[in-house]
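Okay, structure first, notes after.
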Amino acid sequence: MSSVKHPMPEQPAHERRRNFSEVELGYDEATAQAEAARCLQCKTAPCRQGCPVEINIPAFIKHIREGSYLEAIEEIKTKNNLPAVCGRVCPQEDQCEKLCVLAKKGQPVGIGRLERFAADFARNRPPRKTAPPSDEPAGKVAVIGGGPAGLTVAGDLARLGYKVTIFEALHAPGGVLMYGIPEFRLPKDIVRTEIEELKQMGVDIVVNAIIGKTFTIDELLQEEGYDAVFIGTGAGLPHFMDIPGENLNGVYSANEFLTRVNLMKAYRFPQSGTPVHIGRRVAVVGAGNVAMDAARTSLRLGADTVYIVYRRSEEEMPARQEELEHAKEEGVEFRLLTNPVGILGNEQGWVKGLECIRMELGEPDASGRRKPVPVPNSNFILDVDTVIMAIGQGPNPLVQQTTPGLAVDKRGNIIADESGKTSKEGVFAGGDIVTGAATVILAMGAGKKAAASIHEYIQNKRKRDRN
Amino acid sequence: MYIIKEKRELSQGVKLFVMDAPLIAKKCRPGQFVILRIDEDGERIPLTIADFDRKAGTITLIFQEVGNTTRQLGMLNVGDSLLDLAGPLGTATEIEKFGTVICVGGGIGVAPLYPIARAYKEAGNTVISIIGARNSALLILEQEMAAVSDELIITTDDGSKGRKGLVIDPLQEILVQKTVDRVMAIGPVIMMKSVAKVTRPHNVHTLVSLNPIMVDGTGMCGGCRVSVGNKNKFACVDGPEFDAHLVDFDGLMARQRMYHDYERGSKRCGGDCACHQ
Ligand SMILES: Cc1cc2nc3c(=O)[nH]c(=O)nc-3n(C[C@H](O)[C@H](O)[C@H](O)COP(=O)(O)OP(=O)(O)OC[C@H]3O[C@@H](n4cnc5c(N)ncnc54)[C@H](O)[C@@H]3O)c2cc1C
Ligand code: SF4
Ligand code: FES
């Protein structure tokens with residue numbers, strides 16, 4: 001048996017760097033079966049411990065090996081409502097695949113690729129039958145934010161017979177899946193289909209509803225008759241560096257840049273009404289997944305040269321290995337151990353360069369990583385006309401500011417325990433709004449736990465009320 | 001879907017819509033705005049709420065046809081609908097009894113000014129309003145403003161109505177004659193900048209309502225950032241009103257021009273679009 005995963009078919013780098021079609025093409029049936037045959041069907045299934053939503057991995061892989069793809073997806077969906085999304089964007093290398101026994105000697109089973117295969121196979125098939133909503137719902141739950149955390153809570157509670165309404169501030173649900181992660185990595189049709197299934201389960205989605213403005217949490221609980229509220233508002237507030245020149249034209253937060261391109265489809269301008277400015281030479285500051293997405297998007301919009309500017313070295317880069325490699329293959333250039341100190345502008349107020357200083361690694365800092373320190377007198381100017389800041393996001397404060405009694409930490413994240421309970425009765429929270437920017441699957445894991453504790457909370461309350 | 005219940009042309013290229021939007025009408029307060037999107041391909045644009053009727057569940061929007069989206073908007077009629085309308089967004093105007101308040105409105109800026117002037121008046125202030133336009137045909141909401149002001153002064157650049165000159169001329173005179181407790185100015189950036197310059201030596205607390213380019217309107221993109229007192233603020237959540245004496249108006253003007261070339265080059269309005277048929 002092969003000690004390596006079956007490779008993922010991909011669009012060649014020189015072609016894909018200029019189009020928005022999906023980069024990874026997915027396994028065909030034969031490859032999926034062959035990859036599934038690599039799984040040893042371990043009794044202990046260590047892989048499962050690495051999965052934040054505890055998918056029964058050997059069981060679904062067995063179904064694939066036997067060619068029962070719909071059974072495979074049924075198995076996955078008992079735990080995960082968004083398999084086509086997770087199969088594409090989860091960092092499996094740090095989760096299930098990291099713990100796979102095969103990883104000790106060679107490469108692990110391609111669990112993520114198999115999950116994606118099953119989900120894609122089942123897409124475009126008639127959706128499985130869902131229980132008709134019972135006449136009397138088990139309760140009424142409001143979910144704030146239509147990202148992975150909120151969608152998961154909604155799916156799990158709908159399945160338990162609750163009437164769930166998702167309130168989403170933007171015009172489309174999906175959170176980062178819609179506005180942040182680019183089409184070439186996660187086609188928006190796939191997100192829409194997975195959300196459509198939730199609607200078929202009876203979940204209501206109200207878009208253009210900004211909680212804290214259109215409604216407050218207290219109004220939802222006291223006036224609108226919701227038994228409980230889940231807050232999954234994500235980490236949507238972009239950080240800037242606070243360096244001179246950040247307000248010049250041609251400087252974007254990664255959030256704005258990606259929102260214009262993904263949610264607003266600026267790559268189809270002028271058919272789509274939203275423009276995006278892309279210069280010839282682009283510097284993306286930061287080295288996480290968001291930075292890689294911004295850099296690869298810049299290439300696809302037609303930039304000649306795209307730099308990743310990062311103050312530490314390659315070893316410390318937070319992006320997934322796969323994304324880093326994709327970016328390199330497509331021709332993104334890396335300026336490591338380099339930190340911006342200012343953005344230079346021309347007379348019309350547009351970016352004409354990024355002044356940087358070279359860095360070297362010193363002693364380890366609080367995060368355990370070696371702290372970058374500036375090299376004196378090493379300033380230089382990177383010749384760019386667009387700068388994209390991808391240095392992180394914080395929590396949007398709208399809900400916190402308008403919800404008395406809801407405790408937050410120093411960074412403004414909502415404080416919630418393991419089960420999603422907050423300091424306020426009937427109010428639960430999970431995902432990036434609690435943890436700070438993390439991953440899709442961690443947000444979903446938090447959503448699952450919160451759904452279970454919302455169920456318990458409402459049922460207990462009902463019992464108490466009856467007695 | 002948000003239905004257009006009423007449509008009027010206030011002056012050339014300036015239109016008024018009464019929109020069916022009960023949730024927004026229930027909550028909105030003077031100074032707040034909405035973000036709308038006409039159709040699936042549309043961009044998201046902010047418009048300040050010019051009036052609201054909580055009972056009827058409607059809000060009034062007034063816009064000038066300046067870009068692709070506002071031109072497309074202007075072609076819609078009663079019974080048509082907008083795909084998206086989100087709000088109320090932004091922080092509402094602080095309304096209290098301050099004493100004497102001057103409300104300065106230029107061009108289309110009179111629209112968002114109107115509910116604010118009315119609220120100041122209802123709170124017991126003496127309201128002096130100064131509204132201006134390039135010429136009499138471009139003046140809007142004159143009667144409405146008169147009804148909520150103790151005194152209404154009109155200026156036009158060409159003298160075709162009221163005083164010939166700029167809104168800052170009468171403003172300057174009043175500031176010399178009277179104690180003024182607050183000034184609220186809404187209009188073109190260049191006008192707001194000169195109002196700030198005129199009131200600064202008099203130490204009058206002056207507010208302006210800014211209209212930078214926005215995308216989401218919820219604090220998520222930072223595209224609407226403006227420098228206020230050398231600190232970056234997001235106009236959609238921290239504003240849109242700011243202390244006029246601290247705003248970097250030049251920076252705001254430069255940022256507003258960011259997509260000018262795109263607007264002009266855009267095929268949507270280069271002739272092969274709905275508004276040219
Ligand atoms: C560009 C980018 C790339 C990424 N790539 C990956 C990846 O490859 N793999 C991975 O695992 N993770 C990735 N992440 C991280 C991942 O997307 C997030 O961790 C995850 O989406 C968090 O889910 P969430 O449900 O907590 O919040 P979000 O997805 O942020 O959703 C929050 C939702 O709440 C809405 N909302 C906010 N405030 C309000 C309000 N007041 N009222 C109503 N609605 C509101 C927002 O509009 C949004 O739709 C990426 C993130 C970004 C930005
Ligand atoms: S650990 Fe690896 S080999 Fe074992 S069951 Fe899980 S996927 Fe299969
Ligand atoms: S419009 Fe996006 S943050 Fe203000």
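The sequence lines fix the lettering, A, B, ..., with proteins before strands; numbering per chain opens at 1.
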Worksheet entry | Exercise: identify the closest heavy-atom pair between A:N396 and B:T218 | ND2-O, 2.7 Å
Worksheet, complete the sentence: Highest number of heavy-atom pairs under 4.5 Å with chain B among A:G212, A:G349, A:P238 belongs to A:P238
Worksheet item: Out of B:A254, B:P88, B:G222, which one racks up the most heavy-atom pairs below 4.5 Å with chain A?
Response: B:P88
Worksheet item: Between B:G223, B:G251, B:G217, which residue shows the highest count of heavy-atom pairs closer than 4.5 Å to chain A?
Response: B:G223
Fill in: A:R280 atom CZ, neighbour heavy-atom count above 12 within 6.0 Å
no
Item to complete: Against chain B, label A:K265 side chain, backbone, both or neither, depending on which of its atoms sit under 4.5 Å from a heavy atom there.
Response: neither
Practice prompt. Below 4.5 Å from any heavy atom of chain A, which atoms of B:I213 appear? Answer side chain, backbone, both or neither.
Written response: side chain
Worksheet item: Counting a contact as any heavy-atom pair under 4.5 Å apart, which residues of residues 21-34 of chain B contact chain A?
Response: B:L23, B:K26, B:K27, B:Q32
Worksheet item: So which part of A:Q401 gets closer than 4.5 Å to some heavy atom of chain B, the side chain, the backbone, both or neither?
Response: neither
Fill in: Closest approach of A:M264 to B:V215 (non-hydrogen atoms, all atoms of both residues)
CG-CG1, 4.4 Å
Item to complete: Identify which part of A:T214 has an atom lying under 4.5 Å from any heavy atom of chain B, answering side chain, backbone, both or neither.
Response: both
Response to the item:
Taken to the nearest 0.5 Å, the spacing of A:L237 CG from B:F234 CZ works out to 5.5 Å
Worksheet item: Where does A:I210 contact chain B at under 4.5 Å (heavy atoms): side chain, backbone, both or neither?
Response: side chain
Discussion item. If I measure from the heavy atoms of chain A, does B:L85 come under 4.5 Å with its side chain, its backbone, both, or neither?
Written reply: backbone
Worksheet item: Considering all heavy atoms of both residues, which atom of A:T274 and which atom of B:G42 are nearest to each other, and what is their separation?
Response: OG1-O, 4.3 Å
Worksheet entry | Contacting moiety of A:L248, where chain B heavy atoms sit under 4.5 Å | backbone
Worksheet entry | side-chain contact (heavy atoms from CB on, under 4.5 Å) evaluation trace for B:I35 with A:H171 | CA-CA 10 Å; B:I35 292 252; A:H171 59 254; over 6 Å; no
Worksheet item: CG of B:N77: more than 12 outside heavy atoms within 6.0 angstrom?
Response: yes
Worksheet item: Which pairs with one or both residues in residues 233-254 of chain A pass side-chain hydrogen bond (donor to acceptor under 3.5 Å, both in side chains), sequence neighbours excluded?
Response: A:N247-B:R225, A:N247-B:N232, A:Y252-B:Y259
Discussion item. Contact between B:D216 and A:Y179 at the side-chain level, heavy atoms closer than 4.5 Å - yes or no?
Written reply: no
Worksheet, complete the sentence: Under 4.5 Å to a heavy atom of chain B? For A:V276 that would be backbone
Item to complete: Check whether any side-chain heavy atom of B:M220 sits under 4.5 Å from a side-chain heavy atom of A:T259, and report yes or no.
Response: yes
Discussion item. Counting only non-hydrogen atoms closer than 4.5 Å, does B:R255 touch chain A with its backbone (N, CA, C, O), its side chain (CB onward), both, or neither?
Written reply: both
Worksheet item: Can you say whether A:F257 sits under 4.5 Å from chain B via the side chain, the backbone, both, or neither, judging by heavy atoms?
Response: neither
Discussion item. Tell me whether the count of non-hydrogen atoms from other residues, nucleotides or ligands lying under 6.0 Å of CZ in B:R8 goes above 12.
Written reply: no
Practice prompt. Could you tell me whether the side chain of A:L170 reaches within less than 4.5 Å of the side chain of B:R44, counting heavy atoms only?
Written response: yes
Discussion item. Taking CD in B:Q12 as the centre, count heavy atoms belonging to other residues, nucleotides or ligands within less than 6.0 Å. Is the count above 12?
Written reply: no
